[in-house]
Every structure is written in structure tokens, then in C-alpha cells.
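Whatever order the structure lists them in is the order used to number ligands and atoms, beginning at 1. Position 1 is the first residue of the sequence, and the numbers go up from there.
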Amino acid sequence: MDNPTLKIEREGGVVVITLHRPEALNALNLSVFDELEAVFTSLAEDPSLRAVILTGAGKAFVAGADIKEMAAFTPPQARAFARRGQQVMNLIESFPRPVLAAVNGFALGGGCELAMACDLRIASERAKAGQPEVNLGVVPGFGGTQRLARLVGRAKAKYLLFTGEVISADHALALGLFDEVVAPEMLLPRCREIAATIAAKGPLAVSYCKQAVNVGIEATLAQGIDYEAELFAQTFATADQKEGMAAFIEKRAARFKGE
Ligand code: DAK
């Protein structure tokens, strides 16, 4: 697969995707969306995949949607661009394996939205986050108003959206926008460590946990609990459940196959 703006590396069951347009601080344009869609679509079919780490080359994770590409949009083009970006964010959010954002630097506008579509945001001390779209006279177009409010609460989201303030990694951690902040040199090692921990677990169970949280958080508690019970029942049709429980009883490590 030809991916001029992405670098893909695989180590066992973990794939690291690096957004690689450092000259534009990895700004998101239509080609980046096409490549991300192609890579995630093909990885979704890979039974040996356990987790994905998404990061950026250079000093940015992603500095936003590509302002130079957007500048001359008409309203229909802007709508189509927003839809395209939302499709890719939704694809990542519903991707069957955990996706970790390794936020190495600026995660602004579309970059913050991309990080929020991931399951966890592990950030370098150098990272900065924000939704500065109001500086450009636009609203976030890739789900930022929605995911930010769900993640940090409506008032804190409104503060960031109204002011466009770019906040430090520690501030983002305190708000719950980032989940962990580590020294820059520890960013990928820490993400790989988390991914390796996840990779040792029952892959179907991990995937169901992701699905249960994503579906349940948008539903009532009663609906979410029903959904969880259904997924719980489904795990008893898997070889992984038999292996996991047998391994416990036999006092040995489980060898999960994702079946
Ligand atoms: N798009 C395109 N190019 C960008 C870019 C961006 N978002 N951000 C940076 N670059 C480019 C710069 O233009 C510069 O390129 P040259 O001019 O050298 O060719 C290069 O990257 C390096 O940037 P700087 O020279 O500015 O680097 P600094 O370290 O001085 O500053 C910065 C870093 C991140 C503070 C600064 O670059 C900056 O403020 N960038 C813009 C950040 C921003 O406003 N991001 C939000 C973008 S808006 C929608 C769809 C989507 C969206 C909204 C609506 N609809 C369709 C409804 C989403 C919008 C956004 O994401």
C-alpha cells in the first residue's frame, strides 16, 4: 500500500501509525483522510492485530485540518470535508481494537479531534491541546464540540471552544482530556507498554469492552447494562473464555487466540 503521508511499523500484534507531513505540522487534508481510512480498514481485517498507536512526526501530533486546503472552500465543500473527516474519526472510534493516541506535540483543532476519537491519549510533556477554530472564524468540523463536551464536561469544553485557548499537557491531564503525561523520550515506550499489556489479554473481550463503553455511554444506564449482559453472554461462546478460565484454574498464563 502506498502511504505518502503515513508511516506504518509493526511489532508483533501492535501497529504504530505515524502521521508524516512534518512540513505542515501533519495537518489533515483529504489525502491523509484517504490513507487513514485505507490503513484502518485493512487493519480491521487482521486477526493478529491487538492494538494501534497513532502518533505524529516532528513537533506536532496534528496542528489541525489543513487551513491552506480549507481556505477557499464553499459551504458545500466545507460540509463534504467535515463529513469526510467525521467518517474517519468514527472509523477510528469504532475500530475493533484499542487505538492509543501518542500525543507528541501540538494537538490542535482537527488534531485534538483525532486524538479524542482514539481510546486513550498518552501525551508528551511537550504536547499542547486546544480547539482554536474560533480564531479562524469557524467551528470544529470533526466532532470536536461533541467529543470534547463528553470527555471534559460541557462548561470546560465551552471554555476551550469559546476562547480557542491552547493548553499545556498538564492542564489537559487535569481536565481529563489527556490520560497520562510522560517525558518526551518515554512517550512511545509507555504507549508500547500499554499496548503490550492489552495484547496479552483476551482480544475479543478487549474488543467487547470497547464496544460496550462506546455504545453504553450514548444510551441509558439500563440499555447499557443490557448491552453489556449480551456481550458477556457472547464471550461464553468463545474459545478465549474457555482458555482464560481454564488457565486460572490450572494456575498458568492464558494463551488467547482471539477466537
Ligand atoms: N494547516 C496547514 N498548514 C499548517 C497548519 C494547519 N492547520 N498548522 C501549521 N501549518 C504549517 C504552517 O503554515 C507552516 O508552513 P509554512 O508557512 O512554513 O509553509 C508550517 O506548518 C510550520 O508552522 P509554523 O511556522 O506556524 O510553526 P510554529 O511553531 O511557529 O507554530 C502552531 C505552530 C501550531 C502554533 C501554528 O502553526 C498554528 O497556530 N497553526 C494553526 C493551528 C490551528 O489553528 N489549528 C486549527 C486548524 S482549524 C470544518 C472542518 C474541519 C475543521 C473546521 C471546520 N468544516 C468543514 C466545517 C477543523 C478546523 C481546524 O482544525
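For ligand 1, the atoms closer than 4.0 angstrom to any heavy atom of Phe142 are 50 (C), 51 (C). Distances below 4.0 Å separate heavy atoms of Gly110 from the following atoms of ligand 1: 60 (C), 61 (O). Residue-ligand proximity, Glu23 to ligand 1, at heavy-atom distances under 4.0 Å covers atoms 15 (O), 20 (C), 21 (O). Listed by number with element, the atoms of ligand 1 under 4.0 angstrom from any heavy atom of Gly64 are 47 (C), 61 (O). Heavy-atom proximity to Ala78, at under 4.0 Å, picks out these atoms of ligand 1: 55 (N), 56 (C). Taking every heavy atom of Val139 and a limit of under 4.0 angstrom, the matching atoms of ligand 1 come to 53 (C), 54 (C). Atoms of ligand 1 lying under 4.0 Å from any heavy atom of Asp66, numbered from 1 in the order shown and given with element: 1 (N), 2 (C). Under a 4.0 Å criterion applied to the non-hydrogen atoms of Ala27, ligand 1 contributes the atoms 1 (N), 2 (C), 6 (C).
Using a 4.0 Å cut-off between a side-chain N of Lys or Arg and a carboxylate O of Asp or Glu, Asp46 and Arg97 do not qualify as a salt bridge. Note on Arg21 versus Glu35: no salt bridge recorded, every NZ/NE/NH1/NH2 to OD/OE distance being 4.0 Å or above. A salt bridge links Glu180 with Arg190: at least one charged nitrogen is closer than 4.0 Å to a carboxylate oxygen. A salt bridge is absent between Lys257 and Glu259: the closest approach of a Lys/Arg side-chain nitrogen to an acidic carboxylate oxygen does not fall below 4.0 angstrom.
Distances between N or O atoms of Leu108 and those of ligand 1 include no value under 3.5 Å.
Within the 4.0 angstrom cut-off, atom 40 (N) of ligand 1 has no protein heavy-atom neighbours. For atom 46 (C) of ligand 1, a protein heavy-atom neighbour is found at a distance under 4.0 Å. Proximity of atom 8 (N) of ligand 1 to the protein is indicated by at least one non-hydrogen atom lying closer than 4.0 angstrom.
Judged by the shortest distance from any of its heavy atoms, Gly85 lies outside the 4.0 Å radius around the atoms of ligand 1.
Nearest to atom 19 (O) of ligand 1 by heavy atom, out of Lys59, Glu133, Lys68, is Lys68.
Under the 3.5 Å distance criterion, with hydrogens and angles disregarded, a donor-acceptor pair is assigned to the side chains of Ser48 and Arg10. Between the side chains of Thr238 and Gln241, no donor-acceptor pair of N or O atoms lies under 3.5 Å. For the residue pair Gln211/Tyr227, the side-chain donor-acceptor check at 3.5 Å is satisfied.
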Give the intermediate values and the outcome of ring-ring contact (aromatic ring centres under 6.0 Å, His included) for residues Phe61 and Phe106.
-> CA-CA 5 Å; Phe61 173 69; Phe106 293 110; over 10 Å; no
